[in-house]
Amino acid sequence: VNLLPRIAWRNIGRHRRRSAITATAMGFGAAVCIAMIAFADGWLGQIFDIVVGQQIGHVQIHDPDYPRQRPLHETIAEPEAVVATLDGLPESVAVSPRAHGFALLAVGDEAAGVQVTGIDPERERQVTALADHLVEGRYLDGASGQMLLGVGLAESLGAALGDEVVAVTQAADGSMGSALYSVTGIYRTGSARLDRGGAFVTLAEIQDLLVLGDGVHEIAFNASSREEIPALVAAAEAALEGRGLLVRTWSQIDPALGQMLELTDAMIWIILIFIFSVASLGILNTMLMSVFERIRELGVAQALGLRPLQVLRLVLWETLFLSLMAAAGGAALGVLGAWLLENRGLDLSGLMGEYGMAGVVFEPIVYGDLRFDRVVVVLIFMFVVAFLASIWPAIRAARLDPVAAMREG
Amino acid sequence: MAKHRGLHRSAVGAILACAVLIAAVAGAQTETPAAEGDAEARALLEHIDDLFRGDASIATLRMEIRTERWERTLRMQAFSEGTERSLVRILAPPRERGTATLKVADDLWNYLPNVDRTIRVPAGMMSASWMGSHFTNDDLVQETRFSDDYDFRIASRPDAEPEGVWMIEMTPKPRAPVVWGRVEIDIEDESRLPRQTRFYDERGRLMRTLSYHDVQEMGGRTIPSRMRLTPADKPGEYTELIYEEIAFDASIPPGTFTLEALRR
């Protein structure tokens with residue numbers, strides 16, 4: 001029974017160059033796929049972090065009339081009770097209520113219309129990574145009169161840390177409200193909207209400025225991971241039943257981004273299939289060649305008593321050995337490439353400068369994200385393709401007529 | 001007629017801009033080459049210009065704003081000198097008392113008493129609401145000259161329907177810095193007073209209507225003392241300006257139109 005693998009192994013050894021070429025083609029294909037998937041995972045993760053991790057949060061609730069035009073008065077009823085309910089859900093790991101208003105911000109002679117968001121600093125820190133993206137200064141500590149400005153906005157206002165900001169806005173009751181803040185921090189999140197036209201103050205202060213009472217416009221909350229989001233949505237919808245609130249995931253809130261991530265994900269798989277198709281054609285060719293070149297040999301083997309099914313298995317064993325070698329080499333090379341991507345990153349700034357898509361300004365350096373399950377999938381995929389590609393040559397070999405075969409060559 | 005008649009601003013612009021709205025409701029420059037019916041149209045606009053024009057005016061007025069959600073009344077005092085300078089100061093309600101807007105030529109400043117700061121309104125905020133009303137900041141600074149920026153013609157004479165009303169239709173000249181696609185003004189033949197001004201966008205959709213009411217004698221002139229601006233896209237909403245008092249050719253203390261006076 002051990003005979004077939006041994007013959008197969010010896011056959012591979014007897015045609016070293018051909019075996020090497022096949023194994024290299026497969027291995028290289030696998031390596032490219034592993035590195036590419038790591039790159040794409042890293043890139044998509046980066047986009048997800050920028051938009052979802054730094055501004056949206058996994059899930060948000062609003063009054064159903066709020067999202068379209070964001071009128072000030074469409075606040076969430078009984079915000080404290082809703083926050084407490086969400087806090088109590090085992091699926092939810094962080095909850096942050098927010099209020100938004102459009103205000104004219106002036107620093108010295110410069111002024112700009114800005115979307116100002118009021119946050120509970122400690123709660124917001126749990127939901128989004130805003131606090132980790134300060135390029136200057138410090139995060140809100142809850143004291144009054146503090147404001148965080150987007151880096152682009154700070155630049156266009158000519159604002160520096162400690163500068164005084166005058167905010168003017170029309171409050172929910174129609175009156176004009178104004179307030180003074182000082183710039184305590186400047187952030188860069190990568191979101192064009194936030195960086196160029198966003199500012200943050202404490203929730204209590206914006207509620208006061210906009211005459212909102214205890215009203216909030218938005219409650220953002222997170223699941224423990226991206227995969228747990230659907231469960232969180234279901235739990236939140238059940239818990240908030242009857243309150244008439246709109247519960248939406250980040251991809252419903254930003255469909256363009258959701259679609260972009262889905263599309264990119266699909267493209268990765270298409271490219272993966274493409275690469276393996278090319279590699280499998282190589283495998284098919286090599287295996288066919290190896291059968292045709294050995295017609296006489298295989299004929300002799302059959303004449304000596306090897307049954308057709310055993311010939312088929314022999315060829316498949318050969319494929320398996322080649323695949324194993326390719327997998328070892330390919331995985332090593334691919335993981336090395338992915339590791340480099342993960343630790344060194346790939347600087348795209350020379351290639352595209354500062355670039356953006358769907359309102360997200362990407363970091364110029366993309367860091368890969370090497371995931372073990374992806375490597376396993378690629379290798380399994382490679383084995384399957386190699387097996388499929390060698391079935392036909394194997395059947396051809398099994399169907400040889402020994403007498404005719406031995407006459408050949 | 002080469003006499004310089006000053007600026008003709010849109011009626012709305014006039015309203016706030018010259019703070020004393022009235023000062024500039026209409027008026028046309030007369031150098032435009034004569035077209036058919038031009039002379040009559042110009043004569044009408046000039047008449048209105050003469051009627052409302054004062055070198056300097058001081059007015060006390062109420063602004064009543066009604067929106068879907070809330071309604072409120074602001075009392076304010078307005079000073080204006082020519083078409084270049086104006087100052088509006090809010091007298092009531094208390095939350096906004098002292099808030100003031102200064103306009104000098106194309107620039108607009110707001111003074112905010114509760115933070116004691118003056119800010120210049122940036123170009124990007126020109127189309128934003130002024131003091132929460134349906135008027136925009138742009139309405140305050142707009143200095144559209146119908147004669148320079150618009151072609152005008154008589155669309156309807158008093159003998160046609162609607163009877164007793166002149167309708168003058170104005171379309172901006174190419175490249176004119178005007179946000180409207182077309183402006184129509186109805187002028188009553190008998191009193192020679194404006195009745196309604198309608199503003200259309202480039203696609204010919206009505207955007208807002210300014211109507212003139214309650215004609216009475218004020219400051220020695222017979223003028224409409226109440227004006228109502230109705231946005232076409234918000235049914236039920238409007239902003240009204242009601243004159244309580246107005247003095248034309250008033251003497252305005254020097255230094256009124258300065259940033260220092262703004263925060264007084």
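What you see below is based on every heavy atom in this structure, not just the backbone, and it leaves out hydrogens, waters and symmetry mates. Just so we're on the same page: letters track the sequence lines, and every chain starts at 1.
- Residues Pro122(B) and Leu104(A) meet the side-chain proximity criterion, which asks for heavy atoms closer than 4.5 Å.
- Contacts between Met125(B) and chain A at a heavy-atom distance below 4.5 Å involve the side chain alone, from C-beta outward.
- Neither the backbone nor the side chain of Thr67(B) comes within contact range of chain A; no heavy atoms are under 4.5 Å apart.
- Atom CE of Met176(A) is separated from atom CG of Asn114(B) by 11.0 Å, given to the nearest 0.5 angstrom.
- Shown here are the side-chain hydrogen bond (donor to acceptor under 3.5 Å, both in side chains) partners of Asp186(B), two or more places apart in sequence or in another chain: Arg198(B).
- Remark: the backbone N or O of His73(A) is not paired with any side-chain donor or acceptor of Arg69(B) at under 3.5 angstrom.
- Looking only at side-chain heavy atoms (C-beta outward), Leu180(A) and Arg117(B) come within less than 4.5 Å of each other.
- Side-chain contact between Asp109(A) and Arg120(B) is absent, with no heavy atoms from C-beta onward closer than 4.5 Å.
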Residue pair Arg95(B), Val211(A): steps toward the side-chain contact (heavy atoms from CB on, under 4.5 Å) verdict: CA-CA 12 Å; Arg95(B) 182 170 146 100; Val211(A) 195; 3.7 Å; yes
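- Within a 6.0 Å sphere centred on CD of Glu245(B), heavy atoms belonging to other residues, nucleotides or ligands number 12 at most.
- Under a 3.5 Å cut-off, the side chain of Glu96(B) and the backbone N or O of Ser175(A) do not form any donor-acceptor pair.
- Residues from residues 149-170 of chain A that place a non-hydrogen atom less than 4.5 Å from a non-hydrogen atom of chain B comprise Glu164(A), Val166(A), Val168(A), Gln170(A), given in numerical order.
- Around the CD atom of Glu68(B), the shell of radius 6.0 Å holds no more than 12 heavy atoms that belong to other residues, nucleotides or ligands.
- Atom CD of Glu237(A) has more than 12 neighbouring heavy atoms from other residues, nucleotides or ligands inside a 6.0 Å radius.
- Considering only heavy-atom pairs separated by less than 4.5 Å from chain B, the leading option among Ala106(A), Ala111(A), Gly113(A), Gly177(A) is Ala111(A).
- Applying the 6.0 Å contact sphere to CD of Glu80(A) captures no more than 12 heavy atoms from other residues, nucleotides or ligands.
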